[in-house]
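First the structure, in the form of structure tokens, and then the observations on it.
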Amino acid sequence: MTAPGRRLVSIRRLVRQERITEYGALWLALRDAATARGAHAWHFLSNSVEGLFLEFLEFGSEEDIRTDPATIAAIQALHAAFNEPYPPPVTLEEWVEIPHAAGPA
């Protein structure tokens with residue numbers, strides 16, 4: 001198998017309403033660390049489950065953003081603040097881009 005293209009890590013995180021401000025500050029630290037290394041970072045709030053966030057880190061195959069000390073520290077800070085191990089066993093998933101062959105010219 002050839003090296004994967006883009007990679008996507010998704011994390012589901014449940015945040016109680018009274019901790020949204022704390023979560024927001026920690027998320028911004030993660031976003032800033034990841035984007036400083038050329039990654040993309042997004043987070044979304046569930047429309048149906050109160051306090052459920054879905055976080056994404058997307059990066060190329062040339063460097064796993066999770067090897068960057070500032071990025072991993074920010075991820076670990078989020079997990080520690082919300083009493084989750086790193087990596088959480090069920091809430092963290094990793095995805096790889098599917099390479100497609102070029103179509104007919």
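Just so you know, these numbers come straight off a predicted model, no measurement behind them.
- Taking CZ of Arg66 as the reference point, atom CZ of Arg7 lies at 5.5 Å (rounded to 0.5 Å).
- No continuous path of ILVMFWY side-chain contacts below 4.5 Å connects Trp42 to Val9, so the two sit in separate hydrophobic clusters.
- Phe82 and Leu54 fall into different hydrophobic clusters, where Ile, Leu, Val, Met, Phe, Trp and Tyr side chains are chained together by heavy-atom contacts under 4.5 Å.
- A single hydrophobic cluster is seen to contain both Ile20 and Trp27, as judged by linkage of ILVMFWY side chains at heavy-atom distances under 4.5 Å, directly or through other members.
- Screening residues 37-52 for salt bridge (charged side-chain N to carboxylate O under 4.0 Å, His left out) gives Arg37-Glu63, Arg37-Asp68 as the qualifying pairs, with residues at least two apart or on separate chains.
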Inset, instruction - Check the pair Leu57, Ile75 against side-chain contact (heavy atoms from CB on, under 4.5 Å), reporting the backbone distance first and the verdict last. - result: CA-CA 10 Å; Leu57 294 175; Ile75 292 170; 3.8 Å; yes

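- Hydrophobic clustering keeps Leu30 apart from Phe44 (ILVMFWY residues linked when any side-chain heavy atoms are closer than 4.5 Å, directly or through intermediates).
- Judged as a side chain to side chain contact (heavy atoms under 4.5 Å, CB included), and not counting sequence neighbours, the contacts of Leu52 are Arg12, Leu14, Ser46, Val49.
- Under the salt bridge (charged side-chain N to carboxylate O under 4.0 Å, His left out) criterion, the residue pairs touching residues 19-29 are Arg19-Glu22, with sequence neighbours excluded.
- Nearest heavy-atom pair across Arg13 and Tyr23 is CD-CE1, 3.6 Å.
- Atom CZ in Arg6 sits 7.5 Å away from atom CD in Glu97 (nearest 0.5 Å).
- Trp95 and Ile11 are not part of a single hydrophobic cluster, where members link through side-chain heavy atoms under 4.5 Å apart.
- Nearest heavy-atom pair, Ala81 versus Leu26, reported as atom, atom and distance to 0.1 Å: CB-CD1, 3.5 Å.
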